[in-house]
Amino acid sequence: LLKADKDDAMLVYAQGTLAGNYMVKANYTFAINLYQDALEGYKKLNRWQNYYLTLINLSDCLLQTNKPNLVVQKLSEVMPQLEKEGNELILMYAKWKLAEAEALKNNYQQSAVYFEQAHLMAIQYKNDRATNITAKAIKVLRKLDNFNKIKHFIQRLDASELISLANVKD
């Protein structure tokens with residue numbers, strides 16, 4: 001219907017919203033397809049913030065379907081632009097997803113670097129996902145036997161008082 005009306009912007013937003021619903025229902029394959037369509041649309045519309053946020057969501061789906069190489073490829077392509085634009089929240093999420101992808105690839109050293117960057121940004125910007133980042137970083141740091149770094153992550157989180165904002169699942 002939206003294609004027939006030639007309402008490209010509405011179609012792209014609908015694809016992104018529908019993809020999000022499929023992701024919540026753990027239908028990652030369908031969500032991936034819709035997110036990829038939405039990415040193309042956002043690019044054509046020059047809606048870069050929407051593009052980057054959709055790419056983060058796509059990355060979540062790709063991680064759930066064990067495709068870390070695609071996550072690294074897609075996010076690495078936009079990292080220079082994200083850093084240039086200075087949207088710290090999107091940059092934090094991108095580094096977090098890169099950390100998770102590198103961990104799935106058993107590249108724990110690089111994963112730890114990205115987790116450190118994402119964690120520092122989450123603390124600095126008082127983001128409630130800091131606890132989740134800490135928990136996932138600890139798993140990676142344990143594989144590296146880096147207990148001092150684990151201690152630093154916990155101390156930073158504790159000092160930030162962000163743990164009170166954490167989701168119960170964190």
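All of these numbers come straight from a predicted model, not from anything done at the bench.
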*Asks:* Decide yes or no for H152 and H119: does some side-chain heavy atom of the first lie under 4.5 Å from some side-chain heavy atom of the second?
*Replies:* no
*Asks:* Not counting sequence neighbours, which residues clear side chain to side chain contact (heavy atoms under 4.5 Å, CB included) with E102? List them please.
*Replies:* V72, K105, N107, Q110, S111, Y114
*Asks:* So for atom CD, which belongs to Q109, do other residues, nucleotides or ligands contribute more than 12 heavy atoms lying within a distance under 6.0 Å?
*Replies:* no
*Asks:* If you compare all heavy atoms of V140 against all heavy atoms of A112, which two are closest, and at what distance to 0.1 Å?
*Replies:* CG1-N, 4.1 Å
*Asks:* In the single-linkage hydrophobic clustering (I, L, V, M, F, W, Y; side-chain heavy atoms under 4.5 Å), do V113 and I150 co-cluster?
*Replies:* no
*Asks:* Hey, are the side chains of K136 and W96 touching, using non-hydrogen atoms and a 4.5 Å cut-off?
*Replies:* yes
*Asks:* Do F115 and K149 come close enough that some side-chain heavy atom pair is under 4.5 Å?
*Replies:* no
*Asks:* Does a donor on one side chain and an acceptor on the other come within less than 3.5 Å for Y108 and N106?
*Replies:* yes
*Asks:* From E85 CD over to Y52 OH, what is the distance, rounded to the nearest 0.5 angstrom?
*Replies:* 4.0 Å
*Asks:* Does a side-chain heavy-atom distance below 4.5 Å link L91 with M79?
*Replies:* yes
*Asks:* List the residues meeting side-chain hydrogen bond (donor to acceptor under 3.5 Å, both in side chains) with N87, not counting sequence neighbours, and say none if there are none.
*Replies:* Q49
*Asks:* Would you check if the side chain of T17 reaches a backbone N or O of A14 as a donor-acceptor pair within less than 3.5 Å?
*Replies:* no
*Asks:* Rounded to the nearest 0.5 Å, how far does CG of L82 lie from OH of Y93?
*Replies:* 14.0 Å
*Asks:* Just verifying a value: how many Å separate M121 CE and L89 CG, rounded to the nearest 0.5 Å?
*Replies:* 8.5 Å
*Asks:* Answer whether the closest heavy-atom distance between the side chains of E100 and V71 falls below 4.5 Å.
*Replies:* no
*Asks:* Give, for atom CD1 of I133 and atom CG of L157, the distance between the pair rounded to the nearest 0.5 Å.
*Replies:* 10.0 Å
*Asks:* Of all heavy-atom pairs between R142 and F147, which one has the smallest distance, and what is that distance?
*Replies:* CG-CE2, 4.5 Å
*Asks:* Are L63 and Y22 joined in one hydrophobic group, where the rule is that I, L, V, M, F, W and Y side chains link up if heavy atoms are under 4.5 Å apart?
*Replies:* no
*Asks:* Shortest non-hydrogen contact from V12 to G41?
*Replies:* CG2-CA, 3.5 Å
*Asks:* Any idea which heavy atoms bring L45 and A9 closest together, and the distance?
*Replies:* CD1-CA, 3.6 Å
*Asks:* Just wondering, do N46 and W48 contact through their side chains at under 4.5 Å, heavy atoms?
*Replies:* yes
*Asks:* To check you understand the geometry: which heavy-atom pair defines the closest contact between L120 and R156, and what is its length?
*Replies:* CD2-NH1, 3.3 Å
*Asks:* State, to 0.1 Å, how close Y35 and G20 come at their nearest heavy-atom pair, and which atoms those are.
*Replies:* OH-CA, 3.2 Å
*Asks:* Which pairs of donor and acceptor atoms, one on a side chain in residues 53-62, lie under 3.5 Å apart (sequence neighbours left out)?
*Replies:*
residue: T54; atom: OG1; partner: N50; partner atom: O; Å: 2.7
residue: S59; atom: OG; partner: L55; partner atom: O; Å: 2.9
residue: D60; atom: OD1; partner: K97; partner atom: NZ; Å: 2.8

*Asks:* Would you give the length of the straight line joining atom CD1 of I32 to atom CG of D37, rounded to the nearest 0.5 angstrom?
*Replies:* 12.0 Å
*Asks:* Determine, step by step, whether F30 and K25 satisfy the side chain to side chain contact (heavy atoms under 4.5 Å, CB included) criterion, reporting the C-alpha distance in whole Å, the side-chain angles of both residues, the deciding distance to 0.1 Å, and the verdict.
*Replies:* CA-CA 10 Å; F30 225 59; K25 294 292 187 182; over 6 Å; no
*Asks:* To the closest 0.5 Å, what do you measure between OH (Y42) and CG (D8)?
*Replies:* 12.5 Å
